[in-house]
Amino acid sequence: MSPKISKLEAIEVTIPLPKPLLMGPLYIDRRQYVIVTIQDDEGYSGTSYGLTRNAPIAATLERLVTPRWVHQVLDDHPRFYDATVRGNLFLGTNGIFWRALSLADCALYDLLAKRAGKPLCEYLGGQIKTIPTTLAGCYPVADETPESLREQMHHMASTYQPAGIKITSSADFARDTERLRICREAIPDGPPLLNDLYCTAKDAESLLVEAQKWGEYNMLWLEDPFPFDDFENMAKLADALPYPVGTGDEQSGSRHFTRLMDQGRVDVIRLDATVCGGVRAFIEIASRAAERDIPVSCHIFHHIHSQLAAAVPAVHWIEYMIPESNVESIHLAWNSDLEWRDGGLVPSSSGGFGIDWNQDALHHYMKQ
């Protein structure tokens with residue numbers, strides 16, 4: 001008899017940052033994560049994790065997903081996933097429900113791969129290999145100086161030799177021009193740069209005043225300039241810039257991404273399995289991108305996305321927030337991290353995603 005799901009639950013942990021991040025109207029002095037665990041009645045379990053963005057993800061999972069999944073036959077997971085989507089249609093195709101569902105689906109695939117005794121990439125038909133990786137750093141902080149920017153650039157470029165280095169916008173695009181100039185001067189022969197605007201631009205016309213200048217700094221792409229459904233401005237910007245535009249971070253739904261590719265005309269699709277609908281949605285969206293010759297770049301959560309990148313050909317890059325950058329804090333809840341090799345991360349060869357949780361740390365940060 002096929003095993004059944006016996007448990008699906010989530011916990012939230014809050015882990016402080018060493019320094020607050022100053023991202024325009026956003027002040028971030030801690031990160032809150034949700035960790036989802038699924039278990040079957042034969043004792044196998046799977047986990048996933050993602051950012052809550054201060055939303056009640058755990059409560060949403062418990063109320064809207066768990067009742068539809070527990071006691072279901074594991075092999076029937078396409079059916080009960082679809083039933084969960086159809087049973088919550090009035091909640092739309094983006095938002096809190098989709099974060100909860102995505103994390104449940106990621107945990108489910110971690111469980112399925114562990115049951116097969118394989119890392120997820122092999123379970124999906126891929127193989128372990130080094131994945132080209134961009135680094136995310138240089139988030140604005142109160143005590144930033146030109147020298148501190150240069151030091152970060154030197155460190156990331158020389159220590160890691162990544163596929164690209166992302167800075168995060170100050171929300172003042174003229175200041176961003178100066179920050180990008182400092183970064184490029186620090187590493188004149190270094191990897192391409194990215195600038196993450198986290199959806200702060202008003203329109204293409206006003207952004208182009210500064211964004212057209214950024215092309216001289218060897219840009220890999222400009223990231224998330226507008227809110228996710230502003231297809232008109234996205235298309236105008238993509239047409240006007242001499243370098244690529246990438247977007248899609250933390251967005252959900254295959255239909256939305258299809259519109260983004262066709263109407264927004266973006267050059268790079270940013271995809272996050274912990275938000276877009278889980279592993280199954282990630283594979284579907286990446287397939288649609290491949291049909292249009294649009295490369296995919298993943299949004300953080302490197303344990304999960306390195307496995308998917310090793311199995312899904314459309315994925316060209318994953319993203320890593322190095323612990324010493326102090327912009328993330330989830331590494332404090334792991335016993336070990338992935339191996340860095342030849343400018344990229346190597347997926348774990350353990351079962352599933354291969355996340356090595358520190359249970360004592362999780363218990364500690366649940367109390368924060």
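Only heavy atoms go into these numbers, but all of them, side chains included; no hydrogens, no water, no symmetry mates. For clarity, every value in this text was computed on a predicted model and none was experimentally measured.
When all heavy atoms of Arg68 and Phe80 are compared, the closest pair comes out as O-CB, 4.0 Å. Taking all atoms of both residues into account, the shortest heavy-atom contact from Asn326 to Leu21 is O-CD2, 4.4 Å. A pairwise comparison of heavy atoms in Arg31 and Leu51 identifies CD-CD2, 4.2 Å as the closest pair. In terms of heavy atoms, Cys276 sits closest to Ile285 at CB-CD1, 4.1 Å. Smallest separation of non-hydrogen atoms from Ser252 and Gly95: OG-N, 4.5 Å. Shortest non-hydrogen contact noted between Ile96 and Pro56 is CD1-CD, 3.9 Å.
Taking the six-membered ring for Trp and the full ring otherwise, the centers of Trp214 and Tyr243 sit at least 6.0 Å from each other. Centroid-to-centroid, the aromatic rings of His303 and Trp334 come within less than 6.0 Å.
Salt-bridge formation is detected for the pair Asp40/Arg115: a Lys NZ or Arg NE/NH1/NH2 atom is positioned less than 4.0 Å from an Asp or Glu carboxylate oxygen. With salt bridges taken as basic N to acidic carboxylate O contacts below 4.0 Å, none links Glu216 and Arg184. Of the charged side-chain nitrogens involved, at least one lies within less than 4.0 Å of a carboxylate oxygen, so that Glu250 and Arg99 count as a salt-bridged pair. By the 4.0 Å N-to-carboxylate-O rule, Arg175 lies too far from Glu178 to be salt-bridged with it. With salt bridges taken as basic N to acidic carboxylate O contacts below 4.0 Å, none links Asp41 and Lys4. A salt bridge links Glu144 with Arg179; the closest basic N to acidic carboxylate O contact falls under 4.0 Å. Using a 4.0 Å cut-off between charged nitrogen and carboxylate oxygen, Arg79 and Asp76 count as a salt-bridge pair. A salt bridge does not link Asp29 to Lys19: none of the charged nitrogens lies less than 4.0 Å from a carboxylate oxygen. Between Arg280 and Glu284 there is no salt bridge, since none of the side-chain N atoms of the basic residue sits less than 4.0 Å from a carboxylate O of the acidic one.
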- Worked verdict on Asn335 versus Asn358 for side-chain hydrogen bond (donor to acceptor under 3.5 Å, both in side chains): CA-CA 5 Å; Asn335 291 314; Asn358 182 318; 3.1 Å; yes

- Message: As a quick check of understanding, evaluate salt bridge (charged side-chain N to carboxylate O under 4.0 Å, His left out) for Asp239 and Arg265, giving each step before the final call.
- Response: CA-CA 8 Å; Asp239 288 344; Arg265 301 201 292 277; 2.4 Å; yes

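Between the side chains of Ser169 and Asn195, no donor N or O sits under 3.5 Å from an acceptor N or O. Inspection of the Thr14 and Arg30 side chains reveals no N or O donor paired with an N or O acceptor under 3.5 Å. Of the N and O atoms on the side chains of Thr168 and Asp196, not one donor lies less than 3.5 Å from an acceptor on the other residue. Side-chain contact check for Ser206 and Asp203: at least one donor-acceptor pair (N or O, by modelled atom type) lies under 3.5 Å.
Counting only heavy atoms from C-beta outward, the side chains of Thr52 and Glu12 approach each other to under 4.5 Å. Ile322 places a side-chain heavy atom less than 4.5 Å from the side chain of Met156. The shortest distance between side-chain heavy atoms of Leu101 and Tyr81 falls below 4.5 Å. Tyr198 places none of its side-chain heavy atoms less than 4.5 Å from the side chain of Glu223. No side-chain heavy atom of Leu345 sits under 4.5 Å from any side-chain heavy atom of Thr130. The shortest distance between side-chain heavy atoms of Tyr49 and Thr274 does not fall below 4.5 Å. No side-chain heavy atom of Thr66 sits under 4.5 Å from any side-chain heavy atom of Glu9. In this structure, Glu205 and Lys236 have side chains that are in contact, with non-hydrogen atoms separated by less than 4.5 Å.
In terms of modelled atom types and a separation under 3.5 Å, the side chain of Thr133 and the main chain of Ile131 share a donor-acceptor contact. Side chain of Gln307 to main chain of Leu120: a donor-acceptor pair is present (N/O by atom type, distance under 3.5 Å, no hydrogens or angles).
A distance of 14.0 Å separates NZ in Lys118 from OG in Ser349, rounded to the nearest 0.5 Å. Rounding to the nearest 0.5 Å places OG1 of Thr47 at 4.5 Å from CD1 of Ile355. Expressed to the nearest 0.5 Å, how far CD1 of Ile318 lies from CD1 of Ile304 amounts to 11.5 Å. Of the inter-residue distances, the one linking Asp267 atom CG with Leu237 atom CG reads 9.0 Å to the nearest 0.5 angstrom.
Counting heavy atoms of neighbouring residues, nucleotides and ligands inside a 6.0 Å radius, atom CD of Glu147 exceeds 12 of them. Atom NE2 of His154 sits in a crowded spot, with more than 12 heavy atoms from other residues, nucleotides or ligands closer than 6.0 Å. Taking a 6.0 Å sphere around CZ of Arg292, one finds it holds more than 12 heavy atoms contributed by other residues, nucleotides or ligands.
Ring geometry for His305 against Phe282 counts as parallel: the plane angle stays under 30°, on a 0 to 90° scale with 60° as the upper cut.
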